[in-house]
Amino acid sequence: MAQEPFVIIPIWVMDRLKGNPTAFLLYTLILMHNNESKGYAWPSQVRLAELMGCTKITVLRNLKFLEETGVIVVIRSCLLYTSPSPRDQ
């Protein structure tokens, strides 16, 4: 993971995550792990929990929320996280 000084968060994502700071933090951490050349992020749930200072259950709950609100797409075979195509918005 490259140590970039910032991540760019689309306004539509900020609107969907308004009122849920835990999900917003999780989304930001997933973005920090994004592999732009491949188009996905692959951090482990344990790693995300460590970075957030919470339990894996909290991560799982918020991953579900991010997926249900259309902010991320979870590819379950290997737990890849990706953003939906802008045309899907």
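Values in this document were obtained by computation on a predicted structure and should not be read as measured data. In what follows, every heavy atom counts, from backbone to side chain, and hydrogens, waters and symmetry copies are set aside.
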Item to check | side-chain contact (heavy atoms from CB on, under 4.5 Å) assessment of V59 paired with M52 | outcome: CA-CA 8 Å; V59 169; M52 292 176 66; 4.0 Å; yes
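At least one side-chain heavy atom of I72 sits under 4.5 Å from a side-chain heavy atom of Y27. In this structure, V74 and L63 have side chains that are not in contact, with every pair of non-hydrogen atoms separated by 4.5 Å or more. Contact annotation: the side chain of Q45 approaches that of L60 to within less than 4.5 Å [non-hydrogen atoms, C-beta and beyond]. With contacts defined as side-chain heavy-atom distances shorter than 4.5 Å, the pair R16/I11 does not qualify. Using a 4.5 Å cut-off on side-chain heavy atoms (C-beta onward), L17 and I9 make no contact.
Among all heavy-atom pairs drawn from P43 and A41, the shortest one is CD-C, 3.4 Å. Heavy-atom minimum distance, L31 versus I8: CD1-O, 3.6 Å.
For residues 48-60, the side-chain hydrogen bond (donor to acceptor under 3.5 Å, both in side chains) pairs, not counting sequence neighbours, are T55-T58. Judged as a salt bridge (Lys or Arg N to Asp or Glu O under 4.0 Å), the pairs with a partner in residues 57-66 (not counting sequence neighbours) are, in order, K64-E68.
Listed by chain and number, the residues in a side chain to side chain contact (heavy atoms under 4.5 Å, CB included) with N20 are T22, A23, N62, F65 (sequence neighbours excluded). For E36, there are no salt bridge (charged side-chain N to carboxylate O under 4.0 Å, His left out) partners at least two apart in sequence or on another chain. In this view, K18 and D15 satisfy the side chain to side chain contact (heavy atoms under 4.5 Å, CB included) rule, not counting sequence neighbours.
Atom CG of L51 sits about 11.0 Å away from atom CD1 of I30, to the nearest 0.5 Å.
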